J.: 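Next up is a structure, given as structure tokens.
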Amino acid sequence: MAAAAALLRGAARGLLPGLVRGLQPLQLQRGIGLSAPLATVIVERWWQVPLPKKGRQPRIKHRRFRVYRLVEDTKHRPKEPLELILTETVEDVGNRGELVSVPKRLGRNYLLTKNLAVYASPENRQLFEEENRLRREGKLERLQTHTGIKTVRFLQNCRLEVGVGQSQRWELTKEVVARHFLRNLQVVVPAHALKLPEQPITELGEYWCEVTVNGLDTIRVPLSVVDVAEPKSVDDLQWLAQPTPPPTPGQ
């Protein structure tokens, strides 16, 4: 029985390397975001080791020489930002071709993994500086800024109310509409970026106006002319600024 058990143990030992080799391709690679950050701990001895005599080894076997004092733990140092160049316009970060400094977590886990940015190497700097120069000269198509994208989305969700009070005779002009954009929606709209209907607006009712953002995107905003218009609350403005969720497959 002992010989049979030893034989089985030997056979199992011989099969184990083969099983391990067969399982090696199934090992999963650990992502960068899941890896523990590397840090350095700097310590010093509590008791200084005395200098040895010439030709002798220092006497460091005593246990008191194995007591250390913490000097610095580098994981508590302020995190230095990561410099990247954006390859796409990203809301609340910057525009394409801009050099931005972002937290390392945002840069490595989002911008770099989604190909929204590249490292600010000398070659990439030179490449995007040339692209920005051509764009300023008008040789390349202009791009909407990240703040412009947020403004376009905000205006697409808005309805402007213009209060005319108890006046008997009045006419709605671009300057009046621009003031109500600032007062009711807290959006600065220049008069030259507004377009009203060709027919003069002199009565209460439902109309529209067109707003051009940075000379690129034009949004038609519903316009209600009423007696009294109340400014939007902060909660309403924040709700209007939220991005529209993507439709579900069933819709």
Side-chain angles (χ1 to χ4, degrees), residues 86-100 102 110-111 116 131-251:
L86 296 177
T87 59
E88 298 290 342
T89 300
V90 183
E91 289 189 20
D92 299 325
V93 179
N95 308 319
R96 173 181 170 86
E98 284 188 356
L99 178 65
V100 296
V102 297
Y110 179 69
L111 297 178
L116 298 176
E131 179 182 321
N132 293 336
R133 183 184 65 82
L134 295 176
R135 206 176 298 281
R136 287 192 300 268
E137 295 176 356
K139 298 180 180 180
L140 290 178
E141 182 183 2
R142 291 177 58 195
L143 298 177
Q144 188 64 270
T145 62
H146 69 104
T147 55
I149 293 175
K150 294 181 66 176
T151 304
V152 169
R153 185 180 66 239
F154 179 78
L155 293 176
Q156 288 174 344
N157 298 330
C158 285
R159 170 182 291 274
L160 179 64
E161 290 186 352
V162 177
V164 295
Q166 302 297 329
S167 302
Q168 297 296 329
R169 299 182 60 183
W170 52 269
E171 181 178 348
L172 205 61
T173 61
K174 292 183 178 180
E175 290 74 14
V176 174
V177 175
R179 287 199 301 268
H180 279 77
F181 264 110
L182 180 59
R183 177 176 178 269
N184 296 349
L185 300 178
Q186 299 182 10
V187 178
V188 178
V189 179
H192 67 268
L194 272 172
K195 180 181 178 182
L196 299 178
E198 297 180 359
Q199 297 296 331
I201 301 176
T202 58
E203 296 180 356
L204 304 180
E206 299 294 330
Y207 302 92
W208 57 266
C209 65
E210 290 184 351
V211 180
T212 303
V213 180
N214 295 334
L216 296 175
D217 298 320
T218 301
I219 305 95
R220 176 168 288 196
V221 180
L223 179 64
S224 300
V225 182
V226 297
D227 290 330
V228 180
E230 294 293 336
K232 297 288 186 181
S233 65
V234 176
D235 294 337
D236 292 338
L237 296 177
Q238 292 178 351
W239 181 81
L240 291 173
Q242 292 179 356
T244 303
T248 58
Q251 295 180 350

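Keep in mind the model is a prediction, meaning the values are calculated, not measured. Worth knowing before you read on, the calculation uses all heavy atoms, side chains too, and leaves out hydrogens, waters and symmetry mates.
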J.: Within the 4.5 Å heavy-atom criterion, are V90 and L111 side-chain neighbours or not?
T.: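 In short, these two side chains touch, coming nearer than 4.5 Å.
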J.: When rounded to the nearest 0.5 angstrom, what distance separates CG in L196 from CH2 in W208?
T.: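 Answer for the CG-CH2 pair, L196 versus W208, is 7.5 Å.
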J.: Tell me, do I149 and T145 make a side-chain contact under 4.5 Å, heavy atoms counted?
T.: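 They are not in side-chain contact.
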J.: Could you go through the side-chain hydrogen bond (donor to acceptor under 3.5 Å, both in side chains) check for S224 and E206 one step at a time?
T.: CA-CA 5 Å; S224 300; E206 299 294 330; 2.7 Å; yes
J.: Find the distance between CG (L223) and CZ (R220) and round it off to the nearest 0.5 Å.
T.: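 Here the rounded value is 11.5 Å.
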J.: Testing the basics here: between C209 and L194, what is the closest heavy-atom pair and its distance to 0.1 Å?
T.: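 Where C209 meets L194 most closely, the heavy atoms are SG-CD2, 4.3 Å.
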J.: Under a 4.5 Å cut-off applied to non-hydrogen side-chain atoms, are D92 and K150 in contact?
T.: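 Yes, at least one pair of side-chain atoms sits under 4.5 Å.
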J.: Calculate, to the nearest 0.5 Å, the distance between atoms CG and CG belonging to L155 and L185 respectively.
T.: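 Atom-to-atom, L155:CG and L185:CG are 7.5 Å apart.
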J.: Less than 3.5 Å apart, any donor N or O on the side chain of T87 or R96 sitting next to an acceptor on the other?
T.: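 R96 and T87 do not have a side-chain donor-acceptor pair below 3.5 Å.
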J.: Could you check V226 against L204 for side chain to side chain contact (heavy atoms under 4.5 Å, CB included), going step by step and ending with a plain yes or no?
T.: CA-CA 6 Å; V226 297; L204 304 180; 5.5 Å; no
J.: If you measure from CG on N214 to OG1 on T151, what distance do you get to the nearest 0.5 Å?
T.: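 Reported value, rounded in 0.5 Å steps: 7.5 Å.
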J.: For P222 and C158, which heavy atoms make the closest approach, and how far apart are they?
T.: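 Looking at all heavy atoms of both residues, the shortest contact is CD-O, 3.5 Å.
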J.: Would you find a donor on one side and an acceptor on the other, under 3.5 Å apart, between the side chain of N184 and the backbone of E161?
T.: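 Here the side-chain-to-backbone pair exists.
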J.: Using a 6.0 Å cut-off, check whether atom NZ of K174 has over 12 heavy atoms from anything other than its own residue.
T.: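 Counting other residues, nucleotides and ligands, NZ of K174 exceeds 12 neighbours.
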J.: For F181 and V188, what are the C-alpha separation, side-chain angles and deciding distance, and is it a side chain to side chain contact (heavy atoms under 4.5 Å, CB included)?
T.: CA-CA 7 Å; F181 264 110; V188 178; over 6 Å; no
J.: When you look at CD of E137, are more than 12 heavy atoms from neighbouring residues, nucleotides or ligands closer to it than 6.0 Å?
T.: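 More than 12 within 6.0 Å, yes.
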J.: Applying side chain to side chain contact (heavy atoms under 4.5 Å, CB included) to E175 and H180, what does each step give before you reach the verdict?
T.: CA-CA 9 Å; E175 290 74 14; H180 279 77; over 6 Å; no
J.: Thinking salt bridges, do E131 and K139 make one under a 4.0 Å N-O criterion?
T.: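 No.
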J.: What's the separation between atom CG in D217 and atom CZ in R153, rounded to the nearest 0.5 Å?
T.: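 Answer for the CG-CZ pair, D217 versus R153, is 13.0 Å.
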J.: Go through it in stages, so that I can follow the logic: the residues are L86 and L116, the test is side chain to side chain contact (heavy atoms under 4.5 Å, CB included), and I'd like the CA-CA distance, side-chain angles, deciding distance and then a yes or no.
T.: CA-CA 6 Å; L86 296 177; L116 298 176; 5.5 Å; no
J.: Measure from the side-chain N and O atoms of R135 to the backbone N and O of E141, and report whether any donor-acceptor pair falls under 3.5 Å.
T.: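 Pair found, side chain donor or acceptor close to backbone of E141.
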J.: To the nearest 0.5 Å, what is the distance between CD1 (I219) and OG1 (T212)?
T.: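 Nearest 0.5 Å value for the CD1-OG1 distance: 7.5 Å.
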J.: What closest approach, in Å, do H146 and N95 show between heavy atoms, and which atom pair accounts for it?
T.: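 Smallest heavy-atom distance, with atoms named: N-OD1, 2.7 Å.
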J.: Heavy atoms, side chains only, cut-off 4.5 Å: are L182 and V189 in contact?
T.: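 Side-chain contact under 4.5 Å: no.
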J.: CD of Q199: more than 12 outside heavy atoms within 6.0 angstrom?
T.: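 Incorrect, the count does not exceed 12.
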J.: Would a 4.5 Å heavy-atom cut-off, applied to side chains only, mark Q144 and T89 as touching?
T.: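 The answer is no, as the side chains (C-beta and beyond) never meet within the 4.5 Å cut-off.
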J.: With a 4.5 Å limit on heavy-atom distance, are the side chains of T218 and V211 in contact?
T.: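 The answer is no, as the side chains (C-beta and beyond) never meet within the 4.5 Å cut-off.
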